[in-house]
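When a ligand or atom number is given, it counts from 1 through the structure's own listing order. As the structure is a computational prediction, the values presented were derived from the model and not from experiment.
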Amino acid sequence: MSSNMKGINTICTHAGALEDTKFKGAVSPLYMSTSYDFLDVDTKRYPRYFNTPNQESLSRKIAALEHAEAAMIFGSGMAAISSTLLTFLKSGDHAVIQNDIYGGTRSFIESHFKSYGIDYSFTKDLSSEAFEHCIQENTKLIYIETPSNPLLKLVDLFAIAKLAKSHSIITAADNTFASPIVQNPLVLGVDIVMHSATKYFGGHSDISAGAVASSKEIMNKIWDLSKDFGGNLSDYTVWLLERSMKTLGIRVKAQQRNAKRLAKFLNKHTGVKSVYYPGLKTNEYHSLAKIQMKGFGAMMSFELTDDHNVVAFLKALQLIKPSMSLAGVESTMLLPSKTSHALLSQTDRLLQGISDQLIRFSIGIESKSDLIKDIEQAISVSKYKS
Ligand SMILES: *Cc1c(COP(=O)(O)O)cnc(C)c1O
């Protein structure tokens with residue numbers, strides 16, 4: 001199926017699907033073989049070569065969603081990210097990295113890059129001038145993540161891609177928070193897009209997976225290293241992930257509609273000090289979001305006013321779950337100060353704009369009115385008695 005001729009929900013449902021020629025079943029057959037014929041074949045298939053029938057099939061769907069020539073599926077988002085970074089960064093190279101990135105990615109860079117002889121600069125300022133300022137003679141890669149965790153800051157994808165091209169530097173963007181339904185970095189000139197498929201792709205908080213999409217040339221390079229690292233996903237989970245991705249479009253759009261309503265509700269509430277959501281007209285990234293995103297996503301964060309106990313608030317929630325991960329059909333909330341940013345001192349957290357009152361909110365598909373009621377009652381219960 002030619003993806004450029006179809007609507008997004010048709011791509012989610014059908015792109016890449018394997019045909020069941022024997023029984024004419026409606027869904028892709030699952031091939032669990034880890035052993036394939038080697039005689040009389042053009043392709044030697046093996047799970048760690050990322051080329052079993054189900055891996056190839058789902059890769060085609062992901063490539064279609066990201067407007068890429070090719071894609072690969074990994075056992076986790078970090079397997080996808082680490083394999084990609086080490087493909088393009090060797091000893092003596094330098095990378096420019098956005099400061100606000102996923103904690104696991106940051107940990108990978110800070111704990112291991114030195115031992116590989118890879119140098120890096122973090123930029124807190126997200127303007128392309130700031131990125132340019134960090135570029136050195138040996139810079140090989142620019143790494144971005146937009147919207148970022150947990151403050152939903154945006155990076156101008158087009159501007160950064162253009163800057164990188166003018167210096168012959170590769171750009172890689174973590175598109176997990178947006179999903180391909182909301183944002184397609186490759187269309188804006190970025191070279192490589194990565195996903196924690198554990199989040200929106202899976203969408204039901206029950207699959208660990210990752211994905212990378214790019215040109216055939218770049219994917220061949222990533223494949224060359226990845227087949228030796230061995231970060232592939234088992235075919236049964238690949239098959240389950242295909243099932244999840246059929247509803248990616250309708251899930252994300254429903255989550256996004258809920259998010260818009262919830263952001264407005266929180267923004268007006270007297271118990272809420274601030275809301276970080278690019279969909280709000282007052283948000284500093286609103287105009288950029290309108291240019292590079294289709295909608296504003298379904299992640300946000302907000303701060304309760306100081307007269308509320310945030311832990312009591314989370315404990316008082318009856319529908320929304322205090323939970324570590326994100327992007328499932330169920331709404332979840334977490335405290336960055338007690339999870340992703342717990343290892344920083346309170347002063348360092350505050351320097352990054354992350355107060356102890358900050359709550360990250362992943363909006364699910366429940367009825368808006370129930371989510372609002374749940375938050376309303378939890379805010380009133382968590383107010384300190386004066
Ligand atoms: C979760 C996450 C990752 C890491 O993915 P895993 O599947 O947990 O390995 C990377 N980037 C972002 C933005 C994430 O939210």
Side-chain angles (χ1 to χ4, degrees), residues 58 62 66 71-86 95 97-112 122 126 141 143-155 157 171-183 185 190 192-213 222 226 229-234 237-238 240-241 244-245 248 252 255 259 276 278 293 297-301 323-328 330-336 339-342 352 354 360-364:
L58 185 59
I62 292 168
E66 282 292 12
M72 277 168 64
I73 304 147
F74 290 80
S76 70
M78 282 314 300
I81 292 167
S82 57
S83 302
T84 301
L85 288 176
L86 291 184
I97 297 155
Q98 174 182 339
N99 188 63
D100 299 82
I101 51 167
Y102 177 70
T105 312
R106 180 178 261 279
S107 161
F108 172 60
I109 292 163
E110 291 186 321
S111 312
H112 305 293
F122 280 109
L126 302 184
L141 184 133
Y143 189 92
I144 46 189
E145 185 177 315
T146 179
S148 74
N149 178 36
L151 293 173
L152 287 296
K153 295 180 188 172
L154 302 196
V155 179
L157 290 163
T171 42
D174 183 333
N175 201 26
T176 301
F177 263 42
S179 91
I181 307 305
V182 176
Q183 180 172 273
V190 169
I192 306 168
V193 61
M194 295 154 301
H195 283 277
S196 168
T198 313
K199 316 296 165 53
Y200 286 108
F201 284 17
H204 296 72
S205 309
D206 55 8
I207 284 175
S208 163
V212 181
I222 295 172
S226 303
F229 275 172
N232 55 287
L233 185 63
S234 94
T237 314
V238 170
L240 281 177
L241 186 57
S244 291
M245 289 189 65
L248 179 67
V252 170
Q255 286 168 290
Y276 301 90
M293 298 168 80
M299 292 299 302
M300 71 182 68
S301 55
S323 182
M324 285 281 281
S325 199
L326 62 110
E330 55 289 298
S331 295
T332 59
M333 287 186 184
L334 67 67
L335 296 175
T339 54
S340 54
H341 295 72
Q352 296 194 24
I354 295 161
R360 192 189 72 188
F361 187 8
S362 169
I363 290 85

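- Panel note: side chain S362, backbone A327; a donor-acceptor pair is recorded below 3.5 Å.
- In this structure, S148 contributes its side chain and K153 its backbone to a donor-acceptor pair below 3.5 Å.
- A distance-only check finds a donor-acceptor pair linking the side chain of S301 to the backbone of P150 [under 3.5 Å].
- Considering backbone and side-chain N/O atoms, S208 never comes within less than 3.5 Å of an N/O atom of ligand 1.
- Residues Q183 and N175 have side chains that bring a donor and an acceptor to within less than 3.5 angstrom of each other.
- No side-chain donor-acceptor contact under 3.5 Å links S76 to the backbone of A209.
- Distance from atom 8 (O) of ligand 1 to its nearest protein heavy atom, with residue and atom name: Y102 OH, 3.8 Å.
- When only non-hydrogen protein atoms are considered, atom 5 (O) of ligand 1 lies nearest to S196 OG, 2.9 Å.
- The option from H195, K199, M299 that lies nearest to atom 15 (O) of ligand 1, judged by heavy atoms, is K199.
- Among all non-hydrogen protein atoms, the one lying nearest atom 7 (O) of ligand 1 is T198 OG1, 2.6 Å.
- For ligand 1, the atoms sitting less than 4.0 Å from at least one non-hydrogen atom of E145 are 13 (C), numbered in the order shown with element in parentheses.
- Formation of a donor-acceptor pair under 3.5 Å by the S331 side chain with backbone atoms of G364 is found in this model.
- At least one heavy atom of D174 sits less than 4.0 Å from an atom of ligand 1.
- The closest approach between a heavy atom of I101 and any atom of ligand 1 is not below 4.0 Å.
- Residue A209 approaches ligand 1 through these ligand atoms, each under 4.0 Å from one of its heavy atoms: 7 (O).
- Considering backbone and side-chain atoms alike, M78 places an N or O below 3.5 Å from some N or O of ligand 1.
- Put simply, the side chain of E145 never gets that close to the backbone of I101: no donor and acceptor are under 3.5 Å apart.
- At least one donor-acceptor pair closer than 3.5 Å links the side chain of R106 to the backbone N or O of N99.
- Here's the thing with G77: one of its N/O atoms is less than 3.5 angstrom from an N/O atom of ligand 1.
- Residue-ligand proximity, I81 to ligand 1, at heavy-atom distances under 4.0 Å covers atoms 10 (C).
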